[in-house]
Amino acid sequence: MWAFGFEKFKSLLELKGYQPLESRVFKSNYFYVMTSFLLALSLGLLSMRFVYLSDLDDNQKNFRKEADRQSALLLMLIEKDIDFIGASANFYQLGSKKDWSQFPLFADSLLRRSNSLISLQWMEKVEEKDIDEHFKQIHKKYPLAKLYTVPKDQPKTYGYVMNNHEPIYIATDIYPRDEKNRPLIGFYSSRERFNLAIEELLITGRPSVSDKVRLLQDSLDQSAQKTGMLVYHPVFTADKTSLKGVMVGVVRITSYFERLVNSTSLGGELVVRIIDTGFDADDDPIMYQSSIWNDLKGSDYTTSVKIENRLWKIEYKAGHKLTEYQRLTLNWLFFGILTISILIAALTSIVTRDKQRIENLLEIRTKELRYMAMHDDLTGLLNRRAIRDVISRYIETKKSFALLCFDIDKFKKINDTYGHPEEDAVLRNIGHLMSEILGNNAYVSRLGGDEFSIVMKLNSIDELTLISEQINELVATSPTVFNDLEIDQTISLGAVLWQGETLEELLKAADQALYQSKAMGRNQVTIRG
């Protein structure tokens with residue numbers, strides 16, 4: 001083709017009346033034309049290679065960002081369930097025994113807010129000598145309940161089987177009380193794993209998370225698939241030296257993993273494997289593994305999440321390939337190199353804009369995740385974890401501040417009288433009132449249920465007393481209006497001015513002040529210096 005073009009060029013010169021050029025001159029021009037073409041083509045191919053490698057690098061970076069985001073999302077979902085289980089443990093911790101019959105009402109509000117938390121079990125501590133009397137009480141609600149256990153690698157066994165006359169923890173109440181869960185009443189664990197969990201609860205005072213387990217709700221068959229995880233939350237006696245019992249949260253872990261692989265912003269399903277490295281996970285450490293994990297050859301990225309006493313290692317894989325859009329971009333880039341450099345710049349600009357779009361999307365998702373992790377989804381206020389962080393920062397900086405804790409008087413009566421929508425409206429109204437009176441001068445949080453707390457900079461008891469009484473009066477004079485109903489509410493409030501206490505000491509002092517307000521007849525304010 002080049003030879004033909006060269007001859008046509010010579011003929012054209014001759015027709016125009018130009019003198020024929022020497023062969024050497026034409027060969028020189030041909031050389032420069034070819035050299036320029038090859039140089040441009042070479043530079044274009046180098047540019048294409050750079051773009052190709054850049055796309056792979058960007059995909060790898062975005063893949064790692066997405067993996068980190070998904071790991072954070074997984075941790076947030078699990079910690080949210082642990083907080084719910086902790087709230088139900090506080091129900092037994094703080095409530096009197098005569099109120100324990102109201103457990104289903106409290107548990108229902110928690111389970112409705114979680115897709116993965118499927119059951120809450122109250123495992124009450126019972127001495128061997130008290131088992132018969134304990135079952136008399138159980139039979140009032142569950143006449144068919146029997147004491148049983150499932151020893152490791154053995155069938156279901158009835159009666160007390162412990163060797164050293166130690167106390168057992170009996171499933172005394174459960175929610176939901178459906179056909180699948182009712183047979184669990186009377187169950188206690190005789191396995192070493194449970195005893196070790198109890199020891200850990202007594203030592204740390206923190207929840208303990210099990211390895212992957214086979215749920216009794218699914219089957220007692222040893223061959224049944226393990227799809228669950230148990231969270232043991234301690235419920236201490238008043239002196240905190242021994243346990244009243246254990247609140248067990250039953251979690252369907254498959255719900256976490258379905259959410260993990262389906263919520264990726266990169267398109268397609270994440271290829272992931274999750275390995276439990278905690279105690280007693282050796283026999284079945286893989287919590288989840290994508291079906292194509294062993295078939296995919298690509299980049300690996302490993303991160304981990306710490307869940308109370310356990311550490312999960314999370315491994316991700318991504319293939320060494322471009323997206324369909326990136327391949328199309330490279331094709332157009334090749335044709336642009338053969339035509340004009342402007343098109344090359346335009347295509348590169350498209351790739352850059354696409355890269356920025358993905359990074360911006362990931363940043364927005366990360367901010368949303370951070371907000372969800374620190375705020376209560378009903379009222380929009382800070383949650384328990386966030387307010388503890390605020391208090392810790394104040395203590396570290398030694399700033400003068402106060403902690404106010406309050407809950408709504410006879411909140412259960414509001415629920416019984418009106419219903420859940422009205423109950424939620426009251427909670428939102430309280431949050432709105434706090435934001436309205438305090439503005440940006442304080443941190444307001446919902447601890448769970450009808451419990452709220454406020455952290456704000458204050459220097460004196462007089463200031464604290466004034467703002468506490470203002471808050472109390474505002475709530476009492478600002479009924480909740482919902483669906484043409486006017487619902488009156490009052491609060492019992494306890495407040496403490498920080499004077500060098502630790503976080504736990506301060507929280508305990510505020511709780512004591514709150515209980516004193518309740519003891520004085522509610523709708524009261526108690527200040528502790």
Side-chain angles (χ1 to χ4, degrees), residues 83 370-409 411 414 423-482 486-499 501 503 506-518 522-529:
D83 285 345
R370 189 179 298 116
Y371 181 87
M372 290 170 59
M374 301 301 288
H375 288 76
D376 172 60
D377 53 2
L378 176 64
T379 62
L381 301 176
L382 296 176
N383 60 20
R384 180 185 298 271
R385 185 184 303 107
I387 202 66
R388 288 176 70 95
D389 289 345
V390 170
I391 297 172
S392 296
R393 288 198 301 271
Y394 270 58
I395 291 175
E396 289 172 1
T397 56
K398 300 189 183 305
K399 293 180 179 178
S400 179
F401 71 97
L403 173 62
L404 298 79
C405 293
F406 67 86
D407 58 18
I408 303 171
D409 294 332
F411 186 67
I414 294 176
E423 173 188 82
D424 290 346
V426 171
L427 294 172
R428 286 192 294 268
N429 181 47
I430 295 294
H432 173 73
L433 292 174
M434 296 304 100
S435 300
E436 184 178 71
I437 190 175
L438 299 174
N440 296 325
N441 298 318
Y443 295 93
V444 184
S445 73
R446 180 185 174 208
L447 302 178
D450 63 324
E451 297 178 278
F452 295 78
S453 69
I454 301 169
V455 175
M456 59 190 310
K457 294 180 182 178
L458 289 174
N459 297 312
S460 68
I461 292 294
D462 292 340
E463 290 178 334
L464 178 57
T465 301
L466 177 61
I467 191 65
S468 299
E469 291 176 349
Q470 289 175 344
I471 290 171
N472 189 68
E473 182 179 358
L474 175 64
V475 174
T477 57
S478 305
T480 299
V481 179
F482 183 78
E486 189 171 283
I487 305 171
D488 293 319
Q489 76 272 308
T490 60
I491 61 173
S492 297
L493 186 148
V496 182
L497 190 66
W498 180 68
Q499 295 180 348
E501 301 95 333
L503 170 62
L506 185 66
L507 291 173
K508 182 177 181 180
D511 280 342
Q512 291 174 345
L514 171 58
Y515 296 147
Q516 186 173 343
S517 293
K518 290 182 177 181
R522 295 185 171 85
N523 193 19
Q524 300 290 328
V525 172
T526 301
I527 309 296
R528 291 198 173 188

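Note that the numbering runs from 1 along the sequence shown for the chain.
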Do you know which two heavy atoms are closest between Asp488 and Pro479, and how far apart they sit? OD1-CB, 3.3 Å
Nearest heavy-atom contact between Phe401 and Leu497 is O-CD1, 3.6 Å
Gap between atom CG of Asp424 and atom CZ of Phe482 - 0.5 Å precision: 8.0 Å
Non-neighbouring partners of Ser468 that pass side-chain hydrogen bond (donor to acceptor under 3.5 Å, both in side chains), sequence neighbours left out: none
Do the non-hydrogen side-chain atoms of Gln516 and Gln512 ever get within less than 4.5 Å of each other? no
Given Arg385, Arg446, Arg384, the one that forms salt bridge (Lys or Arg N to Asp or Glu O under 4.0 Å) with Asp83: Arg385
Does Gln470 CD have over 12 foreign heavy atoms under 6.0 Å away? yes
State, yes or no, whether a side-chain contact exists between Leu427 and Phe411 at a heavy-atom distance under 4.5 Å. yes
One should read off an interatomic distance between Ile527 CD1 and Glu469 CD, to the nearest 0.5 angstrom, of 7.0 Å
Using the ring of each side chain (for Trp, its six-membered ring), is Tyr394 parallel, tilted or perpendicular to Tyr443, with breaks at 30° and 60°? perpendicular
Go through it in stages, so that I can follow the logic: the residues are Ile391 and Leu507, the test is side-chain contact (heavy atoms from CB on, under 4.5 Å), and I'd like the CA-CA distance, side-chain angles, deciding distance and then a yes or no. CA-CA 10 Å; Ile391 297 172; Leu507 291 173; 4.1 Å; yes
For Gly380 and His375 the tightest heavy-atom approach is O-CD2, 3.2 Å
Would you call Thr379 and Val444 a side-chain contact if the rule is heavy atoms closer than 4.5 Å? no
Minimum heavy-atom distance between Ser392 and Leu503, given as atom pair plus value: OG-CD2, 3.7 Å
Can you list the steps and then say if Met456 with Leu464 is a side-chain contact (heavy atoms from CB on, under 4.5 Å)? CA-CA 9 Å; Met456 59 190 310; Leu464 178 57; 5.9 Å; no
If I take atom CG from residue Asp511 and atom CG from residue Asp407, how far apart are they, to the nearest 0.5 angstrom? 9.5 Å
Shortest non-hydrogen contact between Ile491 and Asn472, atoms and distance: O-OD1, 3.1 Å
Evaluate the criterion side-chain contact (heavy atoms from CB on, under 4.5 Å) for residue pair Ile471 and Ile454; output intermediate values, then yes/no. CA-CA 11 Å; Ile471 290 171; Ile454 301 169; 3.7 Å; yes
Is a side-chain donor or acceptor of Glu451 paired with a backbone partner of Leu447 at a separation under 3.5 angstrom? no
Measure the CG-CG distance between Leu404 and Leu458 for me, rounded to the nearest 0.5 Å. 7.5 Å
Measuring from Gln489:CD to Ser478:OG, what's the distance to the nearest 0.5 Å? 7.5 Å
Just verifying a value: how many Å separate Ile408 CD1 and Asn523 CG, rounded to the nearest 0.5 Å? 12.5 Å
Do the side chain of Thr526 and the main chain of Gly494 share a donor and acceptor less than 3.5 angstrom apart? no
Kindly give the heavy-atom pair with the smallest separation between Leu381 and Ser445, and that separation in Å. CB-CA, 4.1 Å
Going by the ring-ring contact (aromatic ring centres under 6.0 Å, His included) test, which pairs reach into residues 446-471, not counting sequence neighbours? Phe406-Phe452
Do Asn429 and Thr480 meet the criterion of a side-chain donor-acceptor pair at a distance under 3.5 Å? yes
